[in-house]
There are 2 protein chains.
Amino acid sequence: MAFHKREQFTAAEQEIAVIAKALGHPARVAILQLLAQRQSCVCGELVMELPISQSTVSQHLKELKAAGLVQGEVDGPRVCYCIDRAGWDRARQLLGNLLAELPLPAAGCAC
Amino acid sequence: MAFHKREQFTAAEQEIAVIAKALGHPARVAILQLLAQRQSCVCGELVMELPISQSTVSQHLKELKAAGLVQGEVDGPRVCYCIDRAGWDRARQLLGNLLAELPLPAAGCAC
DNA sequence: TTCGTTTATCGTCGATTAACGATGATAAAT
DNA sequence: ATTTATCATCGTTAATCGACGATAAACGAA
């Protein structure tokens, strides 16, 4: 069906999914790494470092902002982007908790 | 354009993106949590716990397998799914490293 | 062999995504 | 008042996703 059933899952599951989805494209991973390395970046610098067009970078930044992972400050004609530290911490907490669940060797099967 | 440019990013960026994308849907997060809790599950049990149809669960399991996060063992007519521990560890390592990059308060801007 | 159970796959649909170029908006600089 | 630089947004195209029902395949049991 066309209707997404996301709303039938728990808030935590949805929050994790939103963050993970934002990390689910190599361009966005690359953008986050650049931002983390340099602490901040104007959009133009990102475009120069990436193999995609300015409008596409802008789109990806928009999605990262929507997921709460990135902030943008207007600074004259340019925009300075940085990691959103609150969102970043939240991501670390949620994904960390999920992946910390240590699956023991399976019980009934040979896995 | 229609051409995806994923291949123009580094292998690490793509690997992170593949894993994150697999985590980017609440149903798949829920499935992984169920598997981690119980160590293993037949598909039918998952279907009963989830608000989506059997075919959709099967699809999600296929994607989780493709991302290396889940394994399936055929056991007679049923299939026993478990967390793929190698993939799980890899995910923890890659996402952990990414999120461990501690962005310091930004330099040039007010973020 | 045939039946019931379980899972995978197929076909379909609407929605979303990724990407681009072109255009628009804003602010500094001339 | 123009120009220039920078970034966002719009419109478009094609691919992918999410979901379902229906069907097929695999297996154990009768």
Side-chain angles (χ1 to χ4, degrees), chain A residues 1-9 13-14 17-18 20-31 35 40-67 70-82 108-109 111, chain B residues 1-9 13-14 17-18 20-31 35 40-67 70-82 108-109 111:
Chain A
M1 198 193 301
F3 298 132
H4 286 206
K5 295 203 151 179
R6 299 191 198 280
E7 58 286 343
Q8 310 211 26
F9 295 92
E13 285 158 358
Q14 293 186 54
V18 165
K21 196 170 185 179
L23 297 176
H25 192 288
R28 293 193 287 268
V29 174
I31 288 172
L35 292 185
S40 73
C41 252
V42 293
C43 177
E45 294 179 46
L46 295 171
V47 173
M48 284 192 304
E49 306 261 5
L50 295 169
I52 52 182
S53 74
Q54 180 264 322
S55 60
T56 305
V57 171
S58 187
Q59 268 299 322
H60 284 308
L61 284 168
K62 187 180 177 183
E63 292 177 45
L64 287 170
K65 272 201 289 191
V70 155
Q71 267 180 318
E73 283 276 323
V74 176
D75 169 30
R78 60 195 75 202
V79 179
C80 159
Y81 286 99
C82 335
C109 73
C111 302
Chain B
M1 197 191 305
F3 297 132
H4 286 205
K5 295 203 150 179
R6 299 191 200 280
E7 59 285 344
Q8 311 211 25
F9 295 91
E13 284 158 359
Q14 293 186 55
V18 165
K21 196 170 186 178
L23 297 176
H25 192 289
R28 292 193 287 267
V29 174
I31 288 173
L35 292 184
S40 74
C41 253
V42 293
C43 176
E45 295 179 45
L46 295 171
V47 173
M48 284 190 306
E49 307 261 5
L50 296 169
I52 51 182
S53 73
Q54 179 265 322
S55 60
T56 305
V57 172
S58 187
Q59 270 298 323
H60 284 308
L61 285 168
K62 188 179 177 184
E63 292 178 44
L64 287 170
K65 272 201 289 190
V70 155
Q71 266 179 318
E73 283 276 323
V74 176
D75 169 31
R78 60 196 75 202
V79 180
C80 160
Y81 287 98
C82 336
C109 73
C111 302

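Chain letters run A, B, ... following the sequence lines, proteins first, then strands; residues in each count from 1. Every heavy atom of this structure was used, including side-chain atoms; hydrogens, water molecules and symmetry mates were not.
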Rounding to an integer number of Å, can you tell me how far A/E73 CD sits from D/dA8 P? 13 Å
Rounded to whole Å, the CD1-C1' distance (A/I31 to D/dC7) equals 14 Å
Given D/dT16, D/dG18, C/dT17, identify the nucleotide with an atom nearest to the side chain of B/K21. D/dT16
In terms of heavy-atom contacts, B/C82 and B/L35 come closest through C-CD1, 4.1 Å
Under 3.5 Å, which donor-acceptor pairs link side chains of residues 53-62 of chain A to any protein atom two or more places apart or in another chain?
unit_1: A/S53; atom_1: OG; unit_2: A/S55; atom_2: OG; d: 3.3
unit_1: A/S53; atom_1: OG; unit_2: A/T56; atom_2: N; d: 3.4
unit_1: A/S53; atom_1: OG; unit_2: A/T56; atom_2: OG1; d: 3.0
unit_1: A/H60; atom_1: ND1; unit_2: A/R28; atom_2: NH1; d: 3.0

Measure from CG on B/L46 to P on C/dA8 and round the result to the nearest Å. 10 Å
Report the distance from atom CD1 of B/I52 to atom P of D/dG21, rounded to the nearest whole Å. 12 Å
With the criterion being N/O to N/O and under 3.5 Å, what pairs connect the protein with nucleotides 21-30 of chain C, and how long is each?
unit_1: C/dG21; atom_1: N7; unit_2: A/S55; atom_2: OG; d: 3.4

Can you tell me how far apart CD (A/E73) and OG (A/S40) are? Round to the nearest 0.5 Å. 10.5 Å
Between B/G72 and B/Y81, which heavy-atom pair has the shortest distance, and what is it? CA-CD2, 3.8 Å
Nearest whole angstrom, please: distance from the P of D/dC17 to the CZ of B/R28. 9 Å
Over all heavy atoms of both residues, which pair between A/Q14 and A/F9 is shortest? Give the atoms and the distance, please. NE2-O, 3.0 Å
Let me know the distance between CG of A/L50 and P of C/dC20, rounded to the nearest Å. 11 Å
Nearest-Å distance, CD (B/Q8) to P (C/dA18)? 15 Å
Do the side-chain N or O atoms of B/Y81 get closer than 4.0 angstrom to the phosphate oxygens (OP1, OP2) of C/dT6? no
Rounded to whole Å, please give me the gap between CZ in A/R78 and C1' in D/dT4. 12 Å
Output the residues of residues 57-66 of chain A in contact with DNA chain C, where contact means a heavy atom of the residue under 4.0 Å from an atom of the strand; sort by number or write none. A/H60, A/E63
From CD (B/E13) to NE2 (A/H25), nearest 0.5 Å: 11.0 Å
Any chance you could measure A/L50, atom CG, to B/Q8, atom CD, to the nearest 0.5 Å? 10.5 Å
If you find the nucleotide of DNA chain C closest to B/T56 and the one closest to B/F9, which residue's nucleotide is nearer the 5' end? B/T56
Minimum heavy-atom distance A/I52-A/A27, with the two atoms named: CD1-CB, 3.9 Å
Where do B/L46 and B/I31 come nearest, in terms of heavy atoms and distance? CD1-CG2, 4.3 Å
